[in-house]
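To keep things clear, I will list the structure first and then write my remarks on it.
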Amino acid sequence: MELIDTNNFSGEPLVSVVIPTYNRADLIRHTLNSAIRQSYKNLEIIIIDDGSVDNTEEVVKAIGDSRIRYIRLPTNSGGSVARNTGIENARGEYIAFLDSDDLWIPEKIELQLASIQKHPNPQKVVCHTQIVFSFTRVSSYDQLAINTETLHIVPEKGKGEVETIADYLFCHHGELHTSSLMMHRSLALAARFRPGLKRHQDWDFCFRLEAQGAIFTFIKKPLVIWNADPRKDRISRMPDYQISVNWIREYQSSISSRAITGFMLTQVLPLLIERGEKLYAQKIILNALIYRLISLKDFKKLTFSAWRIWGMRKRARLMIKNIFFVLAK
C-alpha cells in the first residue's frame, strides 16, 4: 500500500476526486492510476460503486493507495446519485469529478487549483479544460503520442463572460465534460446533480451551477482524455431521442430559442435521420438555417441526408415541395 504523509501538505487544500462507477472493473484501474499519478498529491480519491455486480471492489482495493476511499451503494441508482454521494462524503475544500472510463493528464489538478485560487472569488469558480477526445480506447496518457489519428481536442475556447452556458454549448461549439470540472465543495453541494436523468447529466449540472452564480473559467490545455470508443454500456448511445427532447423542453423558458435549436441539431437530428423521420428532421434543419447555425451548403447536405436522395433529381423536386410544406406549418 502506498502511504501518503499528510504532514507534508501543510497549507495545501485537500482536493476530493469523485469517481462514480458501475461494472467497469476492466477500466477503473487505468482511471485510478491517472488520479494517483497527479503532480498535486494532497488528494482523497472517492470511488462510488453504483451497485456493480462485477469485481470492481476487488480491483479498487487491490490498488492499495491510502488516499482511496471506496463507497458502495446498495442498489444501482444512476450516475447523478453516485456523484451526489461523493459530494456529500467529500472532505476536501475542492472537488474534481472523473468518470470511470476517462483519464487525467498528470498536471490537471495542479493547474486547475492554481487557476481557481488566483481568482478573487474562488468559491464561485468552476474551472474546466480542453479535452482530448479519443475514438479508440486510451489506457494511459503515454499512448497519446502514438494514437494521434484518432484524437480530437475540444473546445477551442471557454465560455464568454456574458455568454450563457446553453449558448456556449449549443451555438458556439463549446464543451463541458464532467471529467474536466473542478470547483469548491460548497458550490457542488449547492448545485448537485439531478437524480433520475438518463442523459445530459453533465450539461444539466452546469445549468444548475450557472443558476447558483458560478463563474466558469477555462484552461486552454488538454488535461483530460475522454474515451469515446463505442461501448454498448454508454448512456450517450441510447437511441431514444425523446429523452433528449423532453430534457431540453424543461429549459425552454430559461434558454434561448437559438440554443434549443442548436441542441436539437446536434443531439436529436442524427437519431431522426437514422430512424427515417423526415419531416421532423427537416423542421430542425430549417430552424438551424434560420438561426444561422448552419450554412446553406450544410443545409443542403443535411437535407439530402434526411431524405436519402443523393443524385436523384425527381426526388429532389419532391423534397423542395416538402420543404415549403414544413415552412408553412
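The analysis underlying the following values was restricted to heavy atoms, covering all of them including side chains, and did not include hydrogens, waters or symmetry mates.
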Apply ring pair (Phe, Tyr, Trp, His ring centres under 6.0 Å) to Tyr251 and list each qualifying residue two or more places apart in sequence or on a separate chain.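 Phe207, Trp247.
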
Could you work out, with ring pair (Phe, Tyr, Trp, His ring centres under 6.0 Å) as the rule, every residue matching Tyr94, not counting sequence neighbours? His184

Name the orientation class of the two ring planes belonging to Phe218 and His128 (parallel below 30°, tilted from 30 to 60°, perpendicular beyond 60°).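 Judged by the thresholds at 30° and 60°, the geometry between Phe218 and His128 is tilted.
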
Restricting to side-chain hydrogen bond (donor to acceptor under 3.5 Å, both in side chains), what partner residues turn up for [X], sequence neighbours left out?
X: Arg194; result: Asp204, Glu250
X: Asn55; result: none
X: Lys157; result: none

Between Thr303 and Gln282, is there a side-chain donor-acceptor contact under 3.5 Å, judged purely by atom types and distance? yes

For side chain to side chain donor-acceptor pair (under 3.5 Å), just list the numbers for Asn246 and Gln242, CA-CA rounded to whole Å, side-chain angles, deciding distance to a tenth of an Å, and then say yes or no. CA-CA 6 Å; Asn246 292 342; Gln242 197 61 47; 3.0 Å; yes

Backbone N/O of [Y] and side chain of [X]: donor-acceptor pair under 3.5 Å:
X: Ser52; Y: Asn23; result: yes
X: Arg192; Y: Leu189; result: yes
X: Thr21; Y: Asp49; result: no
X: Ser179; Y: Leu98; result: no
X: Gln38; Y: Ile109; result: yes

[X]: side chain to side chain contact (heavy atoms under 4.5 Å, CB included) partners, not counting sequence neighbours:
X: Glu110; value: Ser39, Tyr40
X: Ser77; value: Asp50, Thr75, Val81
X: Ser257; value: Tyr291

Acceptor/donor pairs from residues 116-127 side chains to any protein atom, 3.5 angstrom cut, sequence neighbours excluded:
{"from": "His119", "atom 1": "ND1", "to": "Asn121", "atom 2": "N", "distance (Å)": "3.0"}
{"from": "Lys124", "atom 1": "NZ", "to": "Gln212", "atom 2": "O", "distance (Å)": "2.6"}

Passes salt bridge (charged side-chain N to carboxylate O under 4.0 Å, His left out), Lys221 versus Glu107? Steps please. CA-CA 10 Å; Lys221 187 172 183 179; Glu107 298 79 20; 5.3 Å; no

By salt bridge (charged side-chain N to carboxylate O under 4.0 Å, His left out), which residues pair with Arg69, not counting sequence neighbours? Glu44

Is it the case that over 12 heavy atoms from other parts of the model lie below 6.0 angstrom from the CD atom of Glu274? no

Please evaluate residues Tyr22 and Asn76 with respect to the criterion side chain to side chain donor-acceptor pair (under 3.5 Å), reporting the C-alpha separation (whole Å), side-chain torsions for both, the decisive distance (0.1 Å), and the verdict. CA-CA 8 Å; Tyr22 176 67; Asn76 179 240; 4.6 Å; no

Residues Lys41, Glu12: salt bridge by 4.0 Å N-O rule: no

Show every donor-acceptor pair shorter than 3.5 Å between a side-chain atom in residues 158-166 and any protein atom, with sequence neighbours excluded, or say none if there are none.
{"from": "Lys159", "atom 1": "NZ", "to": "Glu163", "atom 2": "O", "distance (Å)": "2.7"}
{"from": "Glu163", "atom 1": "OE1", "to": "Gly160", "atom 2": "N", "distance (Å)": "2.7"}
{"from": "Glu163", "atom 1": "OE2", "to": "His172", "atom 2": "ND1", "distance (Å)": "2.3"}
{"from": "Thr164", "atom 1": "OG1", "to": "Asp167", "atom 2": "N", "distance (Å)": "3.1"}
{"from": "Thr164", "atom 1": "OG1", "to": "Asp167", "atom 2": "OD2", "distance (Å)": "3.4"}

Give every residue pair that meets the ring-ring contact (aromatic ring centres under 6.0 Å, His included) criterion with at least one member in residues 41-62, sequence neighbours excluded.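 Found none.
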
